[in-house]
Amino acid sequence: LESRGAGLLNRIYATLYIELRDSFKKEMVAQTGAETFSVILRDDPNNMEGRLSKTFEKVEEQYDLLPLISAGVFLNP
C-alpha cells in the first residue's frame, strides 16, 4: 500500500463500506474510526460471520487480494 498511496487505501475503505451496506441492507453500517466499521444488527446474529466473510472476500478479490480484512464480532448481551 505504501507504494500505491493513500488514494488506494481510501478507495478500499469506500468499497468496503459500500459492500457492507449492500450486504447488511436492514442494519446500521457506519465508519466509526479511521480504520474501523461497525454494523448494528437488528435481527439474528447467527449468520453475521458468514455474511462478513463473503463481503470481505468480494473486496479482497476486487483489489487482487491486496487488502486483508478481518473482523471482530461482539454481541451485546
Side-chain angles (χ1 to χ4, degrees):
L1 288 172
E2 288 179 20
S3 66
R4 298 185 186 194
L8 174 62
L9 189 58
N10 288 333
R11 284 193 303 276
I12 292 170
Y13 287 143
T15 303
L16 179 58
Y17 173 77
I18 290 166
E19 291 296 337
L20 283 169
R21 191 186 62 203
D22 290 348
S23 294
F24 296 93
K25 292 183 189 294
K26 295 179 182 179
E27 307 354 308
M28 290 176 43
V29 176
Q31 185 168 0
T32 54
E35 301 174 348
T36 309
F37 292 86
S38 296
V39 177
I40 299 174
L41 292 176
R42 295 186 176 134
D43 60 4
D44 185 14
N46 289 328
N47 196 24
M48 175 77 162
E49 291 181 35
R51 290 165 72 186
L52 281 174
S53 292
K54 282 185 173 184
T55 301
F56 295 166
E57 287 172 10
K58 278 183 172 180
V59 176
E60 290 169 352
E61 287 174 7
Q62 189 169 346
Y63 291 94
D64 295 324
L65 303 179
L66 183 63
L68 296 176
I69 305 168
S70 62
V73 176
F74 306 98
L75 300 178
N76 188 7

Any residue meeting side-chain contact (heavy atoms from CB on, under 4.5 Å) with Arg51, in chain and number order, not counting sequence neighbours: Phe24, Glu27, Asp43, Asn47
Rounded distance (nearest 0.5 Å) linking atom CG of Leu16 with atom CD of Glu35: 11.5 Å
From Phe37 atom CZ to Thr32 atom OG1, the distance as rounded to the nearest 0.5 Å: 8.5 Å
Residues in salt bridge (charged side-chain N to carboxylate O under 4.0 Å, His left out) contact with Glu49, at least two apart in sequence or another chain: none
Test salt bridge (charged side-chain N to carboxylate O under 4.0 Å, His left out) applied to Lys58 - qualifying residues, sequence neighbours left out: Glu19
Nearest heavy-atom neighbours spanning Leu20 and Thr55: N-CG2, 3.8 Å
Side-chain heavy atoms of Met28 within contact of Val39, under 4.5 Å: no
Verdict with reasoning, Gln62 to Thr15, per side-chain contact (heavy atoms from CB on, under 4.5 Å): CA-CA 9 Å; Gln62 189 169 346; Thr15 303; 3.3 Å; yes
Audit row: Thr36, Gln31, side-chain contact (heavy atoms from CB on, under 4.5 Å) steps and yes/no: CA-CA 6 Å; Thr36 309; Gln31 185 168 0; over 6 Å; no
